[in-house]
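What follows is a short report on a single structure.
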Amino acid sequence: MGMKGRTQVASQRILLPVSFFRRPADVVARELIGALVVSSVRGTRTAGRIVEAEAYLGHRDPASHGYRNRRHAQNEGLYGPAGNWYVYLSYGVHWCANLVAGRTPNEGAVLLRAVEPLEGLPAMRRRRGGVADRLLAAGPGRLSQALGITRSLDQWPMHEAVVQVYRGDPLAPPVATSRIGITRAVDWPLRFVEGGTRWASRPR
DNA sequence: GCGCCGATTGGCT
DNA sequence: GCCAATCGGCGCC
């Protein structure tokens, strides 16, 4: 394969199919590490590699918004099909973006916690108020702000949405740890971080 | 109706 | 390390 062929292969972007998400949330979370998130919110293109994601196990996970199938207006997205976005407002302040996983309603979801900024850095810096680049998208609220994600993305099928996720591989194997910022099921190893990344968030 | 809490973050002591 | 911001859901009268 010549130089041109290589470039074409490298730039080929394969949208993750719905079947990718029709698996347990912990599997989806692990395999999302290295995938590419591309946002075209309001015509501005920003993109990054997923370096941190957390699985939530739906109705059986005490830390999930859908624990015990408690259902209300804001968590309706958890009952939608795999591959849909589920976006919720955290602490009344920050948007947090998830992708629905599994084969049955409220089986699970994956919270995107950090991306390595790759494209559209000026837009990300503007949206994030000029913070240090390392903090552009290191944390679920920061990630959403950097990519322009708000409630308007909630419940959209990812493959039709203004924010899409493409195939990609991690630079180093994902490492599993406890989830961050929760008070229940704190020891479940459902957070996945790309080994050695400098772009992930950290517990306080 | 009221108070508390949360899958967060930024600012200040 | 501590706390406010700011909203929606919940438990509790």
Side-chain angles (χ1 to χ4, degrees), chain A residues 21 24-30 32-33 35 37 48 50-80 82 84-102 105-117 124-155 158 163 165 174-194 198-204:
Chain A
F21 297 98
D26 58 328
V27 173
V28 174
R30 174 182 284 276
L32 277 173
I33 301 302
V37 184
I50 299 173
V51 297
E52 180 184 3
E54 282 178 353
Y56 286 83
L57 305 185
H59 63 93
R60 347 168 206 213
D61 181 352
S64 167
H65 293 160
Y67 185 46
R68 297 195 219 232
N69 279 323
R70 188 172 283 289
R71 199 163 178 165
H72 46 86
Q74 197 169 246
N75 75 359
E76 195 59 29
L78 290 174
Y79 297 82
N84 273 18
W85 287 105
Y86 164 55
V87 180
Y88 72 93
L89 186 61
S90 177
Y91 289 88
V93 180
H94 306 285
W95 298 107
C96 294
N98 300 248
L99 288 156
V100 177
N106 193 28
E107 185 180 319
V110 176
L111 172 68
L112 302 187
R113 286 198 56 97
V115 299
E116 171 186 347
M124 292 193 195
R125 293 183 183 118
R126 171 172 46 76
R127 289 169 174 161
R128 292 279 299 123
V131 299
D133 281 1
R134 203 190 70 73
L135 299 177
L136 279 180
R142 293 164 174 162
L143 178 156
S144 293
Q145 190 175 32
L147 296 177
I149 291 172
T150 66
R151 169 158 290 167
S152 60
L153 186 64
D154 189 40
Q155 298 191 56
M158 182 276 288
V163 181
V165 185
V175 176
T177 77
S178 294
R179 294 175 291 185
I180 292 180
I182 56 171
T183 57
R184 292 178 290 176
V186 291
D187 52 338
W188 295 10
L190 295 176
R191 172 176 175 257
F192 299 93
V193 194
E194 184 177 73
R198 84 184 191 94
W199 300 102
S201 69
R202 285 176 25 87
R204 295 244 188 169

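Letters A, B, ... mirror the listed sequences (proteins, then strands); counts begin at 1.
A/Arg202 has its CZ atom 12 Å from the P atom of C/dG1, to the nearest Å. The CG-C1' distance, from A/Leu78 to C/dG9, rounds to 14 Å in whole Å. Remark: C1' of C/dT6 and CZ of A/Arg151 are 13 Å apart, rounded to the nearest angstrom. Nucleotide B/dT9 holds its C1' atom 13 Å from the CG atom of A/Leu89, rounded to whole Å. If you take CG of A/Leu99 and P of B/dA7, they are 19 Å apart, rounded to a whole angstrom. Rounded to an integer number of Å, the gap from CZ of A/Arg191 to P of B/dT8 is 11 Å. To the nearest angstrom, C1' of B/dT9 lies 10 Å from CD of A/Gln145. A/Tyr91 has its OH atom 11 Å from the P atom of B/dC5, to the nearest Å.
Contact of the A/Tyr86 side chain with the A/Asn75 side chain is registered, since non-hydrogen atoms from C-beta on lie closer than 4.5 Å. Contact of the A/Tyr79 side chain with the A/Asn69 side chain is registered, since non-hydrogen atoms from C-beta on lie closer than 4.5 Å. At a threshold of 4.5 Å between non-hydrogen side-chain atoms, the residues A/Ser201 and A/Ile180 count as touching.
Using a 4.0 Å heavy-atom distance criterion, A/Asn75 is classed as making no nucleic acid contact. Nucleic acid contact class of A/Arg128 (heavy atoms, under 4.0 Å, all strands): sugar-phosphate only. The residue A/His94 sits close to a base: some heavy atom pair falls under 4.0 Å.
Between A/Val115 and A/Ile50 the shortest heavy-atom distance is CG1-CA, 4.0 Å. Across all non-hydrogen atoms, the minimal contact from A/Ala114 to A/Leu143 is N-CD1, 3.5 Å. A/Gly102 approaches A/Glu107 most closely through the heavy-atom pair CA-OE2, 3.4 Å. Between A/Ala137 and A/Ala146, the shortest heavy-atom contact is CB-CB, 4.3 Å. Closest non-hydrogen pair, A/Trp85 versus A/Val163, comes out as NE1-O, 3.0 Å.
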Enumerate donor-acceptor pairs with a distance under 3.5 Å from any side-chain N or O in residues 182-190 of chain A to protein atoms, sequence neighbours excluded.
from, atom 1, to, atom 2, distance (Å)
A/Arg184, NE, A/Pro62, O, 3.1
A/Arg184, NH2, A/Pro62, O, 3.1

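With distances taken from any side-chain atom of A/Arg142 to the nucleotides C/dA5, B/dG10, B/dA7, the minimum falls on B/dG10. Of the candidates C/dG9, B/dG10, B/dA7, C/dG9 carries the atom nearest the A/Gln74 side chain, counting heavy atoms from C-beta on.
Side chain of A/Arg142 to main chain of A/Ala138: a donor-acceptor pair is present (N/O by atom type, distance under 3.5 Å, no hydrogens or angles). The main-chain N or O of A/Arg127 is found under 3.5 Å from a side-chain atom of A/Gln145 such that the two form a donor-acceptor pair.
Residue-nucleotide stacking is not present for A/Tyr88 and B/dA7, judged by a side-chain ring centre under 5.5 Å from the six-membered base ring centre and planes under 30° apart. A distance cut-off of 5.5 Å between ring centres, combined with a plane angle under 30°, leaves A/His72 outside any stacking arrangement with the base of C/dG9.
Comparing A/Ala73 and A/Ser90 against DNA chain C, the residue whose closest nucleotide sits nearer the 5' end is A/Ser90. Where A/Leu135 and A/Tyr86 each meet DNA chain B at their nearest nucleotide, the meeting point lying more 5' is that of A/Tyr86.
Residue pairs meeting the salt bridge (Lys or Arg N to Asp or Glu O under 4.0 Å) criterion with at least one member in residues 53-69 of chain A, sequence neighbours excluded: A/Glu54-A/Arg113, A/Asp61-A/Arg179.
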**Item:** Secondary-structure notation, DNA chain B, from Watson-Crick and G-U pairs under 3.5 angstrom (| other strand)
**Value:** ||||||.|||||.

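The phosphate of C/dG11 has OP1 or OP2 within less than 4.0 Å of a side-chain N or O from A/Arg70.
Comparing B/dA7 with C/dG1, their C1' atoms sit 22 Å apart, to the nearest whole Å. Only the P atoms considered, C/dT6 is 15 Å distant from B/dC12, to the nearest whole Å.
Taking A/Arg71 as the reference, A/Glu76 meet the salt bridge (charged side-chain N to carboxylate O under 4.0 Å, His left out) condition, with sequence neighbours excluded.
Sorted by residue number, the list of members of residues 176-188 of chain A with any non-hydrogen atom under 4.0 Å from DNA chain C is empty. Within residues 109-116 of chain A, no residue has any heavy atom closer than 4.0 Å to DNA chain C.
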